[in-house]
Amino acid sequence: MTDASATQKGSVRVRFAPSPTGYLHVGGARTALFNWLFARKERGTMILRIEDTDAERNKPELVTGIIEGLKWLGVSWDEGPYYQSQRTELYREMAKKCLANGSAFRCYCPPEKYVGGDHAEEGAEDAKVRRVARCTCRDGKPSSPETKPALRFKVPAGGTTKFFDAVFGGREFSNDEIKDFVLLRSGKEGEEFGQAMYQMSVVADDIDMRITHVIRGADHISNTPKQVLLYRALGAEPPVFAHVPLILGPDKSRLSKRHGATDVNVYRREGFLPEAFRNFLALLGWAAGGDEEFFRTKELVEKFSLDGVSRTNGVFDRAKLEWFNTQYLQKLPIEDLLPQVEEQLKQDGLWKEEWAAGAGREWFSRTVDLLRPRVRLLPDFGSWSRAFFSDEFTIDPAAKAKFWKDEKVPILLAKLAEALAGLTEWNHDACDHASRKVAEEAGVKAGLLINATRVAIVGQAVAPPLFDTMVVLGQERVVRRLRAVVIGFAK
RNA sequence: GGCGCUAUGGUGCAACGGUUAGCACGCGGCCCUUUCAAGGCCGAAAUACGGGUUCGAUUCCCGUUAGCGCUACCA
């Protein structure tokens, strides 16, 4: 359902245009992702543009968080980043073009006394003719010629402005409802005009960058007719718009800090996998059309389309995000997971160089593979499964209380330690047989011994199957840990 | 207030005039079991309301209600 007049394949150009707030908001992240998916799907060009025209906060370092977040998410760009703060001349030129061709005017009204925008009281008998008020400046009658003027767009009287939205369909707005918006702020001492306003700079850039599809948040729907008017005034053809619904918090209000993290990098630091986060985000407000919801990046690109985008705002559901993460933790090719675990262990100070290659790498791979079904977030590798990577770990008191309460546990563990020490072969079955034999001879259920042993060798009540764990830990460590526990009991 | 957008279980999505309204998360139960997950099976749970149009509406139209957005010389 995309506009037929839009583009030939290959010429698609889209952009992600955040303002530098210091971090990448999950809503922005999804907009960026949709732009990126669309660009890849259409073999087009993705552009990153920083909208930093706000004079006050205009620090380049505020952009780093956004770029970091995008990179983590796997969203790349072919051009940019461009900075609007470095393109101000373009905006003024385009604005002056509007002044020259009569589609803009100098407005001398002091901002606080501007009368336009309010509803005029015309047509008393018929409510339908309500329209926005216009100030006299637009008709060449300066309200107070001594003040420095701003440049305002002269919205046509009457008529409507239409545009095509690939998500919401054809839209039409009455011009009489659109106020004469400011293109250029009034200037300081020497200059004629000041900084360009948002509507002016986006349109100028989108024209200049030959953007074909504007994919952005639905909060811009109401801005769109103004921008379309500007395109026309500048003699340019408007692009196809695609407004993406907003992301809400659990209470259905717009997602904000009080709902928890809105910064993508917080999720990165919490240990979510980018693959999982991306899949989750893609499905918030978009569906391929069927019941499938597991998509690797490649499939996402293949299946993405603008008319699969929903028109309803969606709630950010952290529980589902976590579910996606556990799924990816289990299903990701192990070689894609390993580097991420490695990074985590480095952060935790548990990493050993011997795991980087060769036999050490193999061991590392087997161990991560064993652990992954029970991990929820990356940091779990260094915390609850710490005993797999370090001899320095503590035994969880709750685990002791749960599995060491039987009085036979000390003697059982002592016997097991010696049985295992005597093993000449160290593999799953050997450990299994030796352990069950100890339990049998002591006349207890194998489960009692198995659970108690798990606590002794990994310090946790929750861990992978015991005999697999033993194999990975190795005979020496298992026996040593058991003996240490037995000595502890004796004291 | 004005203008606009939206409306399927608690949540995310399917069904784009004809289905016993489907899937997933979450929730409850059962199975499996060596802890905990995973996995398997079962269950509770939805078309906001009211009018039309139609042989037939979740689907199309109108109204109501609700939520959200915009309403700056912010972006």
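In what follows, every chain begins at residue 1, and chains take the letters A, B, ... in the order their sequences are listed.
Ring to ring, Phe294(A) and Phe324(A) are close: their centroids are under 6.0 angstrom apart. Ring centroid separation for the pair Phe467(A) and His433(A) does not come in under the 6.0 Å cut-off. In this structure, Phe304(A) has its ring center closer than 6.0 angstrom to the ring center of Phe34(A). The ring of Phe280(A) has its center closer than 6.0 angstrom to the ring center of Phe316(A).
Within 4.0 Å (heavy atoms only), Leu466(A) reaches at least one base atom of the nucleic acid. Within 4.0 Å (heavy atoms only), Gly217(A) reaches no atom of the nucleic acid at all. Among the heavy atoms of the strands lying under 4.0 Å from Ala319(A) are primed sugar atoms or P, OP1, OP2 only; no base atom is included. At the heavy-atom level, Ala150(A) lies under 4.0 Å from base atoms of the strands shown. Among the atoms of the strands shown, only primed sugar atoms or phosphate atoms (P, OP1, OP2) are found under 4.0 Å from some heavy atom of Phe403(A). In this structure, Phe467(A) reaches the bases: a heavy-atom distance under 4.0 Å links it to at least one base atom across the strands shown. Within 4.0 Å of Gly194(A), counting heavy atoms only, lies no atom of the nucleic acid at all. Among the heavy atoms of the strands lying under 4.0 Å from Arg436(A) is at least one base atom, whether or not backbone atoms are also near. Among the atoms of the strands shown, base atoms are found under 4.0 Å from some heavy atom of Gln199(A). Using a 4.0 Å heavy-atom distance criterion, Arg376(A) is classed as making no nucleic acid contact. Contacts of Arg374(A) with the nucleic acid, taken as non-hydrogen atoms under 4.0 Å apart, include base atoms. Base contact: Pro464(A) has a heavy atom under 4.0 Å from a base atom. Among the protein residues, Phe168(A) comes within range of the sugar-phosphate backbone only, with heavy atoms under 4.0 Å from sugar or phosphate atoms but none that close to a base.
If you check rC73(B), rA75(B), rG12(B) against the side chain of Ser19(A), the one that comes closest is rA75(B). Side-chain proximity of Glu51(A) to rC25(B), rU6(B), rA75(B): nearest is rA75(B). Here the side chain of Gln330(A) is nearest to one of rU34(B), rU6(B), rA38(B), namely rA38(B). Comparing rC13(B), rU34(B), rC73(B) against the side chain of Asn451(A) picks out rU34(B) as the nearest. Nearest nucleotide to the Lys320(A) side chain, out of rG12(B), rC73(B), rU35(B): rG12(B). Comparing atom distances between the Ser186(A) side chain and each of rC73(B), rU35(B), rU34(B) picks out rC73(B) as nearest. Closest to the side chain of Trp323(A), from the set rU34(B), rC25(B), rA75(B), is rC25(B).
The CZ-P distance, from Phe316(A) to rC13(B), rounds to 13 Å in whole Å. Here rC73(B) presents its P atom at 11 Å from CG of Asp180(A), a figure rounded to the nearest Å. When the C1' atom of rU34(B) is taken as reference, atom NE2 of His433(A) falls 15 Å away, rounded to whole Å. Rounded to an integer number of Å, the gap from Glu192(A) CD to rC73(B) C1' is 15 Å. Rounded to an integer number of Å, the gap from His243(A) NE2 to rU6(B) P is 13 Å. In this structure, CG of Leu329(A) is placed 11 Å from C1' of rA37(B), rounded to the nearest angstrom. Counting to the nearest Å, the P atom of rA75(B) and the CD atom of Gln227(A) are 12 Å from each other. If you measure from atom CG of Leu255(A) to atom C1' of rU11(B), you get 14 Å, rounded to the nearest angstrom.
Sparse packing is recorded around CD of Glu189(A), with 12 or fewer heavy atoms of other residues, nucleotides or ligands lying under 6.0 Å away.
If you take atom P in rA24(B) and the same atom in rG39(B), they sit 11 Å apart, rounded to whole Å. rA21(B) and rA46(B) have their C1' atoms separated by 9 Å, with the value rounded to a whole Å. For rG40(B) and rC32(B), the C1' atoms lie 8 Å apart once the distance is rounded to whole Å. Look at the P atom in both rU8(B) and rU58(B): the space between them is 14 Å, to the nearest Å. With both ends at atom C1', the span from rU59(B) to rA7(B) equals 13 Å, rounded to whole Å. Of the P atoms belonging to rC41(B) and rA15(B), the separation is 24 Å, rounded to the nearest Å. Comparing rA45(B) with rG28(B), their C1' atoms are spaced 11 Å from each other, to the whole Å. Rounded to the nearest Å, the gap between the C1' atom of rC13(B) and that of rG26(B) is 15 Å.
Residue Thr53(A) has a polar side-chain atom (N or O) positioned under 4.0 Å from OP1 or OP2 of rA75(B). One finds a side-chain N or O of Gln327(A) lying less than 4.0 angstrom from the OP1 or OP2 phosphate oxygen of rG39(B). Contact check, Arg171(A) against rC5(B): a side-chain N or O comes under 4.0 Å of OP1 or OP2. Listed pair Arg454(A) / rU34(B) fails the phosphate criterion, with no side-chain N or O lying under 4.0 Å from OP1 or OP2. In terms of phosphate contacts, Arg318(A) brings no side-chain nitrogen or oxygen within less than 4.0 Å of OP1 or OP2 of rG26(B).
A salt bridge does not link Lys320(A) with Glu322(A): none of the charged nitrogens is closer than 4.0 Å to a carboxylate oxygen. Salt-bridge formation is detected for the pair Arg254(A)/Asp219(A): a Lys NZ or Arg NE/NH1/NH2 atom is positioned less than 4.0 Å from an Asp or Glu carboxylate oxygen. A salt bridge links Asp251(A) to Arg258(A): one of the charged nitrogens lies within less than 4.0 Å of a carboxylate oxygen. Remark: Arg87(A) does not engage Glu51(A) in a salt bridge, criterion side-chain N to carboxylate O under 4.0 Å. In this structure, Arg296(A) does not pair ionically with Glu275(A), as no charged nitrogen and carboxylate oxygen lie closer than 4.0 Å.
Nearer to the 5' terminus of RNA chain B, by closest-nucleotide assignment, is the contact made by Asp317(A) (compared with the other of Ser201(A) and Asp317(A)). The 5' end of RNA chain B is approached more closely, in terms of each residue's nearest nucleotide, by Ala446(A) than by the other of Ala446(A) and Gln84(A).
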With B for base contact, S for sugar-phosphate-only contact and - for none (protein heavy atoms under 4.0 Å), nucleotides 58-70 of chain B reads ---------SSBS
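Taken to the nearest 0.5 Å, the CG atom of Leu412(A) stands 8.0 Å off from the OG1 atom of Thr453(A).
Looking at heavy atoms from C-beta onward, Phe16(A) lies out of side-chain contact with Ile215(A) at the 4.5 angstrom threshold.
Taking a pair as Watson-Crick or G-U with both hydrogen-bonding distances under 3.5 Å, the stems of three or more pairs touching RNA chain B are B:1-7 with B:65-71, B:10-13 with B:22-25, B:27-31 with B:39-43, B:48-52 with B:60-64.
When atom types are taken as modelled, the side chain of Lys148(A) and the backbone of Glu191(A) share a donor-acceptor pair closer than 3.5 angstrom.
Below 30°, between 30° and 60°, or above 60°: for Tyr231(A) and Phe241(A) the angle between ring planes is above 60°, a perpendicular geometry.
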